[in-house]
Structures are given as structure tokens and as C-alpha cells.
> 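Below is one structure. I have some questions about it.
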Number of protein chains: 2
Amino acid sequence: MSISSRFAVGIHILALIEINKGGVSTSEYLAASVNTNPAVIRKIMGMLKNAGLVNVRPGIAGAELAKNLSEITLLDVYKAVNVVQEKELFSIHENPNPQCPVGRNIQNAIGPLFEIAQTALEKALGHVTIEDVVKDIIEKEKLNH
Amino acid sequence: MSISSRFAVGIHILALIEINKGGVSTSEYLAASVNTNPAVIRKIMGMLKNAGLVNVRPGIAGAELAKNLSEITLLDVYKAVNVVQEKELFSIHENPNPQCPVGRNIQNAIGPLFEIAQTALEKALGHVTIEDVVKDIIEKEKLNH
DNA sequence: GCAAGATGTAATTAATATGGTTACAGGTAA
DNA sequence: TTACCTGTAACCATATTAATTACATCTTGC
Ligand code: FES
Ligand code: FES
């Protein structure tokens, strides 16, 4: 199964807050761009807030970035929105038969290999920043004018 | 969400067929080691068969590896059991607002970045073979005697 | 103070995926 | 023909997702 679109939406939100920095980015405004419900945005925004990526306050309209654009990587967003738990990108079937030589060792044999693969994935995400994404969007936008 | 344990079970099956190569690996036998239902094994086995990794025939008991141990990578298994579709490890929310500069460009901006990360993951899986797993299991087994 | 409007958050729902289970059709061999 | 196996479909309980609704809480303008 695919990794939740919360991740993509999280990136979307951050990029839009930046591009809309002249205006006020309310959950309703962001929801209109993402094309979803404001409550979905607020939920994801809460996660981004907990991770220290945005500043939002109850009652006060609008969200702001809490860090410099170039200091927010896709990995930060990925971790913030909790789409994949630590060491749990791949699930391993539980309760293999302890009486079978494979059953009693497979988890320990596979686990580290899965971790290496997951780390490779996350490392790749760590090399890209929201700034890269925003620049790319602006670039694409220019080409269509 | 995690990637289906079909992947881990697929690895388990292949490793066990090898280690049990003296005996006959029926779906019932394999199911007992994995601790699941034989029908589940047969379903996964069908996928491994389609991918040319094992030989199984209706009516004939037992499965055999169709390739050399060292020629089967975890990536082969991963692709065989269909746990992740091509370019779809990460899902991107559909129907972003085309009237928003971010909405109309985000998919094209994010897509390639997600692909790079997915490729990094799969590359890591391609570096490990079932032979490595089997050797590791045998090694671990020795240590406990 | 109070009304308007925003965020925070919980509960509900429909759609979808997973893994297990049962059942049975069809193939193989003794 | 019998016994046993694989192949496959149907069904179910469970879990997750994303959307939706509702409402408590907070802030500001008046
Ligand atoms: S990615 Fe969805 S509106 Fe931007
Ligand atoms: S029995 Fe499950 S991994 Fe081996």
C-alpha cells in the first residue's frame, strides 16, 4: 500500500504558506488549494506545529513557517506527519514458528535489512528542502506564461 | 502505513524452501513455519511463480526454487509480491486546485522527488540476495547451539 | 462584554487494503 | 478410484485513510 498522502499535503501546505506569504494562510484558504476539508488541514497543521515547522495559534487566523525554507527538508515533513513509524516501513509477520529454524531467526535476519532500505529512502528525502520545491514550482509557473 | 508482510513472508518462503531442500515443501508445511493459513501461502507462491522465482505445479506436492539462490534479490521478491506499485510508494492527493499556483504544479514538482526516494529504497533491496538471508539464518542458528 | 471568526479536536462515515478462513475445482500419482 | 496437492474464488473481521460534521476554545474588533 502507498504511504499516506498526508506527506504530500504537508509539503503542499508548507509551499503554499511560503508562496502566499503576503496574505493570510487560514485552514480554509489552504484547504481550497489542496481541495480538501479545512479540518483535514488543521489536523496536519497540528502535526507540523508539533514538529516545530510552523507557527499556528488558536483563534488567530493564519499559519507561518517556523523555520527558514532551506532548513526544512522533506524528511522533516515526512517525520512530522507520521506516515511511517521508525523501523516499520516494512511489516514482518508476527509469530513465526519458533520450532522452525527459519521461523525462529527470520525476524532478526530480515529486520536489519529492512532498516537499511528504509534508511536509504529517508536519506534521499533528507537531501531535498521545501525551498527546492518552491523554486521548482515558481520555475514551472513561469514556463506556462 | 506499513508495506504488506507479503514481502517478508515471500522471503521466508524462499529461505525455507532452500533450507528444507532435502524434504518436500508443501503449502501446508510452509504455512506451519510462517504460522499462517496454507491458502495464504499458495496465494503468495502463485506470485513468486509468476515472477519466475519458484516452480510449483498443480497436483504435485512441493515447491522448488527456479533460480540460483544468489540470483534472487530482495528486490525480485518485493516486485513479485506486488506490495508497492511502480512510482506509487508515496501517494499524492489528487485534484489539487488548478487555480492555485501551488495546486497546479505540486504534483509535477513532488512526483520526481518521490521517485528518487523510492528508487533509493529499491536499490538497497537489490543489493541483498536470498543467499545472504539464508547464510545469516544458518549463522544465527549455529550461535544458539 | 460580546459577536465574529479562527484553531483544536473528537466522533462518524465510506472506501479500501490486509490477512485469515472456508470451500471447492482441477491436477497428479499410487 | 482414492488420496492428496495446488489454484482460486468468496467471504469476513479488522485497520487505515480521507472526508465530514460538530463543537469547545481562543482572539480580536467593536
Ligand atoms: S499539492 Fe494539493 S493543492 Fe497543492
Ligand atoms: S516462519 Fe515466518 S519468517 Fe519464517
Side-chain angles (χ1 to χ4, degrees), chain A residues 1-10 12-13 17 20 23-51 54-64 66 81-85 88-97, chain B residues 1-10 12-13 17 23-51 53-64 66 81-85 88-97:
Chain A
M1 204 201 218
S2 290
I3 290 172
S4 168
S5 69
R6 272 206 308 279
F7 182 26
V9 174
H12 185 136
I13 289 174
I17 291 175
N20 183 45
V24 180
S25 297
T26 64
S27 62
E28 192 176 357
Y29 171 81
L30 295 169
S33 170
V34 176
N35 192 20
T36 184
N37 193 288
V40 171
I41 298 293
R42 288 201 289 272
K43 189 176 172 188
I44 295 175
M45 192 79 79
M47 297 180 179
L48 297 176
K49 179 186 178 180
N50 282 340
V54 299
N55 290 324
V56 213
R57 276 172 303 174
I60 302 184
E64 295 172 358
V81 298
N82 249 300
V83 282
V84 173
Q85 306 308 314
E88 292 189 3
L89 174 58
F90 298 96
S91 51
I92 302 183
H93 58 299
E94 294 174 358
N95 309 320
N97 188 341
Chain B
M1 205 203 217
S2 290
I3 290 173
S4 167
S5 69
R6 273 204 308 280
F7 182 27
V9 174
H12 186 139
I13 289 175
I17 290 175
V24 181
S25 297
T26 64
S27 62
E28 191 176 357
Y29 170 82
L30 295 170
S33 170
V34 177
N35 193 20
T36 183
N37 193 288
V40 171
I41 298 291
R42 289 200 289 271
K43 189 176 172 187
I44 295 175
M45 193 79 79
M47 296 180 181
L48 297 176
K49 179 185 179 182
N50 283 339
L53 302 183
V54 299
N55 291 325
V56 211
R57 275 173 305 174
I60 303 183
E64 295 172 358
V81 298
N82 248 300
V83 282
V84 173
Q85 306 308 313
E88 292 188 4
L89 174 58
F90 298 96
S91 52
I92 302 184
H93 58 298
E94 293 174 358
N95 310 318
N97 189 340

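Here the structure is a predicted model, which is why all the values come from computation and not from measurement.
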> Write down the distance between CG (A:Asn37) and P (C:dT7), rounded to a whole number of angstrom.
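Taking atom P of C:dT7 as the reference, CG of A:Asn37 is at 13 Å.
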
> C:dG19 P sits how many Å from B:Ile44 CD1, rounded?
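For the pair B:Ile44 CD1 and C:dG19 P, the rounded distance is 8 Å.
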
> Taking only residues two or more places apart in sequence, or in another chain, which ones meet A:Arg42 in a side-chain contact (heavy atoms from CB on, under 4.5 Å)?
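Result, side-chain contact (heavy atoms from CB on, under 4.5 Å) vs A:Arg42: A:Ser27, A:Pro38, A:Ala39.
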
> State which residues pass side-chain contact (heavy atoms from CB on, under 4.5 Å) with B:Thr26; sequence neighbours excluded, sorted by chain then number.
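For B:Thr26, the residues satisfying side-chain contact (heavy atoms from CB on, under 4.5 Å) (neighbours in sequence not counted) are B:Val24, B:Glu28, B:Tyr29, B:Ala61.
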
> B:Ala66: which residues meet the side-chain contact (heavy atoms from CB on, under 4.5 Å) condition with it, sequence neighbours left out?
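side-chain contact (heavy atoms from CB on, under 4.5 Å) list for B:Ala66, sorted by chain: B:Asn55.
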
> Only counting residues at least two apart or in another chain, list the ones meeting side-chain contact (heavy atoms from CB on, under 4.5 Å) with A:Val56.
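With sequence neighbours excluded, A:Val56 shows a side-chain contact (heavy atoms from CB on, under 4.5 Å) to A:Met45, A:Lys49, A:Val54, A:Ala63, given in chain and number order.
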
> In whole angstrom, give the distance that lies between atom NE2 of A:His12 and atom P of D:dA18.
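These atoms are roughly 15 Å apart.
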
> Are any side-chain N or O atoms of A:Ser91 and backbone N or O atoms of B:Ile3, one a donor and one an acceptor, separated by less than 3.5 Å?
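Yes, because the side chain of A:Ser91 sits within donor-acceptor range (under 3.5 Å) of the backbone of B:Ile3.
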
> Over how many whole Å does the gap from A:Glu64 atom CD to C:dA6 atom C1' extend?
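The distance from CD of A:Glu64 to C1' of C:dA6 comes to 15 Å, rounded to the nearest Å.
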
> Holding to side chain to side chain donor-acceptor pair (under 3.5 Å), I want the full list of residues that pass it with A:Glu94, two or more places apart in sequence or in another chain.
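A:Glu94 satisfies side chain to side chain donor-acceptor pair (under 3.5 Å) with no residue once adjacent residues are dropped.
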
> Can you tell me how far C1' of C:dG19 sits from CG of B:Asn35, to the nearest Å?
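Taking CG of B:Asn35 and C1' of C:dG19, I get 12 Å after rounding.
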
> To the nearest Å, give me how far apart CZ (A:Arg6) and P (D:dT16) are.
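Going from CZ in A:Arg6 over to P in D:dT16 covers 11 Å.
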
> Detail all sub-3.5 Å separations between protein N/O atoms and N/O atoms belonging to nucleotides 5-9 of chain D.
residue : atom : partner : partner atom : Å
D:dT6   : OP1  : B:Ser27 : N            : 3.3
D:dT6   : OP1  : B:Gly62 : N            : 3.4
D:dT6   : OP2  : B:Ser27 : N            : 3.4
D:dT6   : OP2  : B:Ser27 : OG           : 2.8
D:dT6   : O4'  : B:Gly59 : N            : 3.4
D:dG7   : OP1  : B:Lys49 : NZ           : 3.1
D:dG7   : N7   : B:Arg42 : NE           : 2.9
D:dG7   : O6   : B:Arg42 : NH2          : 3.0

